[in-house]
Amino acid sequence: MSRYPFRATEQKWQRIWEERRCFESVTDPSRPKYYVLEMFPYPSGRIHMGHVRNYTLGDVVARLKRRTGYNVLHPMGWDAFGLPAENAALEKGVHPADWTWSNIAEMRAQIKSMGCSLDWKREIATCDPSYYRHEQAMFLDMLERGLVYRKEGWVNWDPVEQTVLANEQVIDGRGWRSGAPVERRKLAQWFFRITAYAEELLAALDRLDRWPEKVRLMQKNWIGRSEGARVRFPLLGRTDHLEVFTTRPDTLWGASFVAIAPDHPLTRELLERDPQLAAFVEDCLRIAASEEALEKAEKRGYDTGLRARHPLADYGAPSDLPIYVANFVLMDYGTGAIFGCPAHDQRDLEFARRYGLPVRPVVLPPGADPTSFTIGEEAFTGDGTVFHSAFLDGLPVAEAKKRIIAFLEEHGLGRGEVTYRLRDWGVSRQRYWGCPIPVIHCESCGIVPVPRDQLPVTLPYDVDFSKPGNPLDRHPTWKYVDCPRCGRPARRETDTFDTFVESSWYFARYCSPDVTDAPFRRRDVDYWLPVDQYIGGVEHAVLHLLYARFFTRAMRDCGYLDLDEPFLGLFTQGMVTHLTFRDERGRWLQPDEVRRDEHGRWVTLDGRPAIPGRVEKMSKSKKNVVDPQRIIEAYGADTARLFMLSDSPPERDLEWTEAGIDGAFRYINRLWRLVEERLPLLPPVGTPPGEPGNEAEAALKRLVHRSIRRVTEAFERFHFNKAVALVREFTNGIEAFEPATAPGRALLREALETLVALIEPMVPHLAEELWQKLGHQRLLAESPWPVADPAWTREETVRLAVQVNGKRRAEIEVTPDASEDEMREIALADPAVQRALAGREPKRVIVVPGRIVNVVV
RNA sequence: GCGGGCGUGGCGGAACCGGUAGACGCACGGGACUUAAAAUCCCGGGGCCGCGAGCCAUGCGGGUUCGAUCCCCGCCGCCCGCACCA
């Protein structure tokens, strides 16, 4: 029996595609375009299964779109700056640049072996000065336009990575990469003014209708818009005042204290003269830094002895309030100062109970009695009617908010304000392997941008990694330059960009990777952007995707392009998972270190028990990784691709199993044999399909056209697992068909050609090979997608269920255009229906054409 | 705690807009081919029992409907995001 020679075949077609430059694209405004993009990889050295899944999904879309007439852009590149390169330098003594470039070479070969329809002419690497020089120029433009600024502030310091992290990069109080508890430090940092776009980024989410709802919601929550008011509380015995932000100005009459953050300017002023307060603050900051404690941390405060005058003291509110420093008040949200209304805020209630402060309800729940309503253990945060609040009395909460804000504004006591949870994006990193920030620090001129004609500021090659910290900062010469403005000795900025900056605009660079004097040509980006389909992991739902959306707008406002949103369609794929194993001592075992014994139990290779654990994301730490390169060598790229698409919907996790990959491999070989074996029966290529002469032939013809319709639809809806199922069903149908006549043989050719044409996006090498065997000269990758003939997508008869009182009792066969009366008659005549009726008279008969007949008695 | 998602055979999953639950595959059982095995091909299959013209089945309990995996209410379980955001 012949076997599909996948190795030779895959190499053959990859060579032909490359020679004929099939997948290279050019800007051509006369044609409709389609930009398919997978999130570019970090060049770690080897591809993993997540990459294989990602690029398979993208390639299916790219190939389908190309064959349905689009001018497709499908590029690939490298997110090449980042910490692992420096770790390699530290551990193995390799230079980060050398390490990165050799990894890129290796991974490029691995990705190429997958046979994706990529335009390699457009390959970019972000660590190449030809890429990051444009980023430096854009940074200077943004600096001029006020979209970039430098500020001294508290930062999240990762003690392991010895660098600063953005808020988004801190997860549960730990560094997103190192997992080490983050410390708070004070440093001067560069920031992108992403908050200037908070409202726009939020509002535009509604229009991203081809994004997963989940991702839009995550971004919405991340931006965290809240409407409220900023209220002035004058300090008694002083001339200044506190600014307080609140979303509940309607509860001002219920205020019983004011609280400020431990790092509020007023706190810092007070602690100079109050050692007890200083100790309290130190305590708070330590707990804040040592995360977890927060979880259980009680509401604690320190009475400063200062008091604030209530702005509404003249209108029946408490005349003045104590000012506490409280551990639960955050300096970087709102104004760092709050007023506490214990009756209507759970935190304030806990605080009030602890310190014996009054609890005065001012919102009455619906149906409650104003004379007897009191607050117990739970604050009342719902809607109700305001009372004990002068002119707000009787109003519902929403109304009261509007009224009090108008009042505060009229009397100069405060104003309505919208606050966002989103903070500006800190991009300074104390690292070597990143894009240098193109500014110079001069003692007399301050911060001076590097003149444009001196860009790019490139990284020095001769760096020393033997000591911790930033090698750029220690470099003997690199940072010492003359000030471009005054000519006196000055210092380069030694921080580099967060690597999320590079990935914020790479999709635009792909449009014109060759242009040197600008990041891209207008003509190219105007044509290709936005990306029509972006595909990657959900882990980037907030960070990368939000930064890229911001950066696109910043580029727009600097006149680089005319675009708001970079990614029109977004698809987030699930993870690739695998069963985990441990030995008796609890040590993780690799999948190739276990087998099943004769009783089907998991054992190690030398027969000791292996304990299967949970199915988890493939990770080195749990040792449950399967190397894609090994799979491609053993089974071929098409098998790996097919398995990636089979069974699991792409948005869900996919469990890698040996059995699954074997199943895909068997099917690949079955397809090969099917065409091989039927080939001698077929009329020559180009023979017109001809009309079916008997029922079997008609059935095949219908199967062909129904398959085209259903598979196409499945692809378009990203139901790739269904597409695989439908194609297998189609294969089963062809296998069962025995051609007996000349038209039958012509039909068999039509069926096989259609099958091969439909599987091409998934298993392109096999499909090209079979297409050629069937006698075609033209490449399948460049051939049009099959079109279903509507005359053959209809069934000639339909089977419908007949229910009696909603229970299925019989099945009838009718023509699709049968009238309701006919269907009713046939159904009622059915013996099984008669039996179920047991002589009872039908009260009602519901007939849904093509669906069901339901007899109600 | 808040927000979101998901629960369907032994397993991954189908089921369009409320209309025959279990497509397709994996694993399994039986058979064919073979000296034998592998490979391949064919057949079978949700559960129960008295094996039928039966009953029960989409996490659990209710509801709406002629009819519910699908809609509504209340539970239970798992997963993800945020986490003192005033």
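Predicted model only: the values in this text are computed from it and were never measured.
The listed nucleotides are rC55(B), rG19(B), rA86(B); the one nearest the side chain of R809(A) is rC55(B). When each of rA86(B), rG19(B), rC26(B) is scored by its nearest atom to the side-chain atoms of R728(A), the top-ranked nucleotide is rC26(B). Each of rA21(B), rG13(B), rG3(B) was ranked by its minimum atom distance to the side chain of N721(A); first place goes to rG13(B). Picking from rA15(B), rA86(B), rG54(B) the nucleotide with the shortest atom distance to the side chain of K722(A) gives rA15(B). Here rU20(B) is the nucleotide among rU20(B), rA86(B), rA23(B) with the atom lying nearest to any side-chain atom of R799(A). Comparing rA14(B), rC85(B), rU20(B) by their nearest atom to the side chain of R347(A) picks out rC85(B).
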Stepwise side chain to side chain donor-acceptor pair (under 3.5 Å) test for N624(A) and T580(A): CA-CA 6 Å; N624(A) 60 339; T580(A) 53; 5.8 Å; no
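In summary, the side chains of D424(A) and T195(A) do present a donor paired with an acceptor at a separation below 3.5 Å, with no hydrogens or angles considered. Q573(A) and R652(A) share no donor-acceptor pair across their side chains, judged by distance under 3.5 Å alone. A donor-acceptor contact closer than 3.5 angstrom links the side chains of N732(A) and R670(A). Between the side chains of Y302(A) and N327(A), no donor-acceptor pair is found at a separation under 3.5 Å.
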Could you pull out the protein-nucleic contacts involving nucleotides 61-64 of chain B (nitrogen or oxygen on both sides, under 3.5 Å)?
none

Could I get a table of every N or O pair under 3.5 Å where one atom is in the protein and the other is in nucleotides 27-34 of chain B?
unit_1  : atom_1 : unit_2  : atom_2 : d
rA27(B) : OP2    : R666(A) : NH2    : 3.3

Pairs under 3.5 Å (N/O, protein and nucleotides 9-12 of chain B):
unit_1  : atom_1 : unit_2  : atom_2 : d
rG12(B) : O2'    : S648(A) : OG     : 3.2
rG12(B) : N2     : D647(A) : OD1    : 2.8

Anything under 3.5 Å between a protein N or O and an N or O of nucleotides 66-69 of chain B, put it in a table, one pair a line.
unit_1  : atom_1 : unit_2  : atom_2 : d
rC66(B) : O2'    : N854(A) : ND2    : 3.2
rC66(B) : O2     : N854(A) : ND2    : 2.4

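K807(A) comes within 4.0 angstrom of sugar-phosphate atoms only, judged by non-hydrogen atoms across all strands, and of no base. As judged by a 4.0 angstrom heavy-atom cut-off over every strand, L217(A) is placed among residues touching the sugar-phosphate backbone only. Nucleic acid contact for V853(A): none, since no nucleic acid atom lies under 4.0 Å from a heavy atom of the residue. If you check every strand for non-hydrogen atoms under 4.0 Å, R614(A) touches sugar and phosphate atoms only. Residue N732(A) is in sugar-phosphate contact alone, with no base atom involved, counting any heavy-atom pair closer than 4.0 Å across all strands shown.
Within the structure, ring pair (Phe, Tyr, Trp, His ring centres under 6.0 Å) pairs that include any residue of residues 327-350 of chain A comprise F328(A)-F351(A) (at least two apart or interchain).
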Dot-bracket for RNA chain B, please, read 5' to 3', with Watson-Crick or G-U wobble pairs under 3.5 Å on both distances, ( ) within the strand, [ ] crossing, | other strand, . unpaired. (((((((..(((......[....))).(((((.......))))).((((..).)))..(((((..]....))))))))))))....
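Rounded to whole Å, the separation between the P atoms of rG10(B) and rG47(B) comes to 7 Å.
Taking the ring centre of W672(A) as origin, the terminal cationic atom of R3(A) falls outside the region bounded by 6.0 Å and 45° from the ring axis. Taking the centre and axis of the six-membered ring of Y667(A), the NZ or CZ atom of R728(A) falls inside the cone set by 45° and 6.0 Å.
Between F6(A) and F665(A), the ring-plane angle classifies as perpendicular under the 30° and 60° cut-offs.
For rG30(B), the O4'-C1' to base torsion is more than 90° from 0; the nucleotide is therefore anti.
Minimum interatomic distance between P358(A) and P342(A) (heavy atoms only, all atoms of both residues): O-CG, 3.6 Å.
Under 4.0 Å is where a charged nitrogen must lie from a carboxylate oxygen, and between R347(A) and E350(A) no such pair does.
Residue-to-nucleotide contacts include no donor-acceptor pair under 3.5 Å from the side chain of K214(A) to the base of rC80(B).
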